[in-house]
Amino acid sequence: MQYPSPPNQQRYYEQVWDLARQVPYGRVVTYGQIAQRISAPAGVDPQEYKAWSPRWVGDAMAACPDDVPWQRVINAQGKISARPGAQRQRRLLEAEGIVFVNDKVDLKRYQWPGPGHVEEPRQATLF
DNA sequence: CGCTTGACCGGAA
DNA sequence: ATTCCGGCCAAGC
């Protein structure tokens, strides 16, 4: 497949890394989510930005500095994108307390920002 | 130089 | 639920 890159790629990547660094321990974000939080670079058609930016975020993550918690960025299906190293990513997330069911995490529960975890339905404590 | 190859996503079939 | 499709640049070999 063939796809465009952002103008000023390096600066775009840095914006991605800055956002990724804000994801707390035990939480995840999606590529598209990070892309949405970065405004389309000047000269990029909004429609085109919407189409390609999630991939750009993926490209940025592939080249991220060591201080970025790269393991917390996953795809919009709640899965780890296939590649060599995917298994290591899963281990790191599990070590943060994240549970995988059928190779997928519950985004409602772990996606950041958000509540952080879904309270179990609890019966009112009766006296 | 000319290939090849990419951490994605949403809508349609 | 699953597969297919469009989106059309730049780094590395």
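Atom set for the values below is all heavy atoms of this structure, side chains included, hydrogens, waters and symmetry mates excluded. In what follows, chains are A, B, ... by sequence order, proteins preceding strands, each numbered from 1.
Taking only side-chain atoms of A/Tyr31, from C-beta outward, the nucleotide of C/dG7, C/dC9, B/dC8 with the closest atom is B/dC8. For A/Ala76, the listed nucleotide lying nearest its side chain is B/dG10; candidates were C/dC8, B/dG10, C/dC9. In this structure, of C/dC9, C/dG7, B/dC8, it is B/dC8 that holds the atom nearest to the side chain of A/Ser81. Listed nucleotides B/dG6, C/dA11, B/dC9 differ in distance to A/Asn75; the shortest reach to its side chain belongs to B/dC9. Between B/dC8, C/dC8, C/dC9, one nucleotide has an atom nearer to the side chain of A/Pro54 than all others, and that is B/dC8. Of the candidates B/dC9, C/dA11, C/dG7, C/dG7 carries the atom nearest the A/Met1 side chain, counting heavy atoms from C-beta on.
Both geometric conditions, a ring-centre gap below 5.5 Å and a plane tilt below 30°, are not fulfilled together for A/Tyr3 over the base of C/dG7.
The only member of A/Arg91, A/Gln71, A/Arg27 that meets side-chain hydrogen bond (donor to acceptor under 3.5 Å, both in side chains) when paired with A/Glu96 is A/Gln71. Tested against A/Ile74, the residues A/Leu107, A/Ile98, A/Val29 include a single side-chain contact (heavy atoms from CB on, under 4.5 Å) partner, A/Leu107.
For A/Arg55 and C/dG6, the CZ to C1' distance is 11 Å, given to the nearest whole Å. With rounding to whole Å, A/Gln2 atom CD is found 15 Å from C/dA11 atom P. Taking atom CG of A/Asn8 as the reference point, atom P of C/dC9 lies 17 Å away to the nearest angstrom. Between A/Ile74 atom CD1 and B/dC9 atom C1' there is a gap of 14 Å when expressed in whole angstrom units. Remark: C1' of C/dG6 and CD of A/Gln47 are 11 Å apart, rounded to the nearest angstrom. The separation between A/Asp59 atom CG and C/dC8 atom P is 15 Å, rounded to whole Å. Following rounding to the nearest Å, A/Gln36 (CD) and B/dC8 (P) show an atom-to-atom distance of 16 Å. The distance between atom CD of A/Glu48 and atom P of B/dG10, rounded to the nearest whole Å, is 17 Å.
A/Trp70 comes within contact range of at least one nucleobase, with a heavy-atom separation under 4.0 Å.
Below 30°, between 30° and 60°, or above 60°: for A/Trp52 and A/Tyr3 the angle between ring planes is below 30°, a parallel geometry.
By the criterion of side-chain heavy atoms lying less than 4.5 angstrom apart, applied directly or through intervening Ile, Leu, Val, Met, Phe, Trp or Tyr residues, A/Leu92 is grouped together with A/Trp17 in one hydrophobic cluster. Clustering ILVMFWY residues whenever any of their side-chain heavy atoms sit less than 4.5 angstrom apart, transitively, puts A/Met61 in the very cluster that holds A/Trp112.
Nucleotides C/dG7 and B/dG6, compared at atom P, are 22 Å apart to the nearest Å.
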